[in-house]
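Single-structure report; data block below.
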Amino acid sequence: MARLAQTAGLTDIQQEILSTVRDFVDKEIIPVATELEHRDEYPQAIVDGLKELGLFGLMIPEEYGGLGESLLTYALCVEEIARGWMSVSGIINTHFIVAYMLKQHGTQEQKDHFLPPMAAGDIRGAFSMSEPGLGSDVSAITSKAVKDGEEYVLNGQKMWLTNGGTSSLVAVLVRSDEGHPEGTAPHKSMTTFLVEKEPGFGEVRPGLTIPGKIDKMGYKGVDTTELIMDGLRIPANRVLGGETGRGFYQMMDGVEVGRVNVAARGCGVAQRAFELGVQYAQQRHTFGKPIAQHQAIQFKLAEMATKVEAAHAMMVNAARKKDSGERNDLEAGMAKYLASEYCKEVVEDAFRIHGGYGFSKEYEIERLYREAPMLLIGEGTAEIQKMIIGRRLLEEYRFQG
């Protein structure tokens, strides 16, 4: 086992789960990840293996067929999976956020209906906030739901859905003015709808179209799509929690734990980059000796390892804070910000250690170099994290003058 990024105080069950996931990553993901990524091929065999391991239900309560594990256990598993291939961790993450939102905010009927097949991996989740013209400004959502008898009619265009094609359940945030008079604060007139659909592309149910995959620089394999609603009719019992106007808070709760997940992904990718860098530095010779013996490379390795350790510690702290039931938006924001920035830096340093070979598609670091930037913007940009952190610090350190 690697000496970096160890976590103290884990139970025997947590250690057993992590050991199983680590073995799966080493045997089933790392050997095929780069080839699949270059082909932009969905990792069906890997996903089937994760399903057999029960990871789609890792945090779903046992009463619904899940493993009932903590956010910390989940984050550490994501860290291991991202170490193998970050795209696979994205497939798990979007599913997990929807399951978490259902567990925390769903009606009993919604939990009974969705959580058991989600725990088994038979229903795969995706969630949708962003739109083509709004970026981080969630209050600017224009997609809308209008009440029509016992149904709602949804219209609008959503953007950047991870699992948009392969999912069968999408949590969609739209504006719903019913019961919220004009002038109501934007975040109080939003509702999350649970939209069931067929996996695939094109018209996946009447009024709902999933266009083809968006071609991306990195983060390949996993499908990222748009979602177009044109007269999509959804029954009232598919309003998350059964009450309109709560969608913004529900989504932010999901994104908060999602930020811990993104931090874990950054930790995993950084760990892999360090592993590749330190290994190559001991194999590559210049001036009659391995480059690892050159002081400049040793300094770089020292900086990389320190960043891996620091990011891991902050991610673990944020997960444990959430597991304790305490508010953790400050810790989650810090962890996501630091882990994503350090990930980018560690990957770039590993790339530099590889020299010209790092630019070759034959070397794994080339893939990581294209994947790391996604973490800088996923679940909120660095600038958004700084806003969250700054506001929370001012709450905690309010000057009494």
Side-chain angles (χ1 to χ4, degrees), residues 42-44 46-48 50-51 53-61 64-69 71 74-75 77-78 81 87-107 109-130 154 158-174 191-201 204-205 208 210 213 219 221-227 229 232 234 237-241 247 250-262 264-265 378-379:
Y42 187 78
Q44 188 60 59
I46 293 173
V47 172
D48 290 343
L50 295 175
K51 179 179 174 180
L53 292 178
L55 289 192
F56 283 98
L58 191 61
M59 276 192 68
I60 294 176
Y64 299 107
L67 299 179
E69 273 295 329
L71 178 60
Y74 177 80
C77 287
V78 166
I81 293 169
S87 292
V88 179
S89 66
I91 293 170
I92 294 285
N93 180 46
T94 51
H95 173 87
F96 153 71
I97 289 178
V98 178
Y100 174 84
M101 289 168 61
L102 274 161
K103 182 185 74 169
Q104 295 296 109
H105 306 288
T107 65
E109 184 273 332
Q110 290 167 352
K111 294 177 186 178
D112 292 340
H113 180 78
F114 288 114
L115 288 181
M118 291 187 79
D122 296 329
I123 288 181
R124 307 275 174 79
F127 74 102
S128 176
M129 287 194 300
S130 188
L154 277 60
K158 309 297 284 187
M159 196 72 179
W160 305 118
L161 274 78
T162 300
N163 284 349
T166 49
S167 60
S168 46
L169 174 66
V170 185
V172 181
L173 184 66
V174 301
T191 299
T192 302
F193 286 86
L194 301 170
V195 178
E196 299 165 85
K197 70 176 187 65
E198 290 297 319
F201 300 97
V204 292
R205 67 175 283 175
L208 179 63
I210 304 290
K213 295 195 298 183
Y219 198 42
V222 59
D223 48 294
T224 304
T225 75
E226 299 173 67
L227 179 147
M229 301 172 290
L232 173 63
I234 301 294
N237 66 358
R238 289 298 175 258
V239 171
L240 180 61
Q250 295 162 348
M251 278 283 180
M252 289 304 104
D253 190 24
V255 168
E256 191 173 288
V257 293
R259 284 178 179 140
V260 175
N261 173 284
V262 173
R265 282 197 258 179
E379 316 294 20

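Because the structure is a prediction, the values reported are computed rather than measured.
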Is there a side-chain contact between F96 and L58 in this structure, where contact means two heavy atoms from C-beta onward sitting under 4.5 Å apart?
no
4.5 Å side-chain heavy-atom contact, F56 and I92
yes
Testing the basics here: between P116 and K111, what is the closest heavy-atom pair and its distance to 0.1 Å?
CD-O, 3.5 Å
Would you please test V222 and T94 for side-chain contact (heavy atoms from CB on, under 4.5 Å) and show each step?
CA-CA 11 Å; V222 59; T94 51; over 6 Å; no
Heavy-atom count around Q104 CD within 6.0 Å, excluding the residue itself: above 12?
yes
Between I97 and V255, is the side-chain contact (heavy atoms from CB on, under 4.5 Å) condition met? List the steps.
CA-CA 7 Å; I97 289 178; V255 168; 5.7 Å; no
Side-chain heavy atoms of T166 within contact of R124, under 4.5 Å
no
In terms of heavy-atom contacts, T107 and G241 come closest through CG2-C, 3.4 Å
Examine distances only and state if a side-chain atom of K197 and a backbone atom of S167 form a donor-acceptor pair shorter than 3.5 Å.
yes
Check P43 against V88 and note the closest heavy-atom contact, atom names and distance.
CG-CG2, 4.2 Å
Just checking, is any N or O donor in the side chain of N261 or E379 under 3.5 Å from an acceptor N or O on the other one?
no
Heavy-atom pair of closest approach, residues L67 and G54
CD1-O, 3.9 Å
Interatomic distance, S128 atom OG to E226 atom CD [nearest 0.5 angstrom]
10.5 Å
Is there a side-chain contact (heavy atoms from CB on, under 4.5 Å) between L102 and L240? Walk through the geometry before answering.
CA-CA 7 Å; L102 274 161; L240 180 61; 4.0 Å; yes
Any heavy-atom pair between the side chains of Q250 and F127 that's under 4.5 Å?
no
To the nearest 0.5 Å, tell me how far T224 OG1 sits from M159 CE.
9.5 Å
Beyond-backbone contact of V239 with F193, side-chain heavy atoms, under 4.5 angstrom:
yes
Examine distances only and state if a side-chain atom of K158 and a backbone atom of L173 form a donor-acceptor pair shorter than 3.5 Å.
yes
Less than 4.5 Å apart, side chain to side chain, heavy atoms only: is that true for L227 and L208?
yes
Test your reading of the model: is there a side-chain donor-acceptor pair from Q110 to the backbone of N237, 3.5 Å cut-off?
yes
Shortest non-hydrogen contact from N163 to I91?
ND2-O, 3.0 Å
After noting the C-alpha distance and the side-chain angles of K51 and V47, does the key distance pass the side-chain contact (heavy atoms from CB on, under 4.5 Å) rule?
CA-CA 6 Å; K51 179 179 174 180; V47 172; 5.6 Å; no
Do M118 and Y64 have side-chain heavy atoms sitting under 4.5 Å apart?
no
Examine distances only and state if a side-chain atom of R205 and a backbone atom of E196 form a donor-acceptor pair shorter than 3.5 Å.
yes
Closest non-hydrogen atom pair, V78 against S89:
CG1-CB, 4.0 Å
Do Y100 and L71 come close enough that some side-chain heavy atom pair is under 4.5 Å?
no
Got a donor-acceptor contact below 3.5 angstrom from the D223 side chain to the K213 backbone?
no
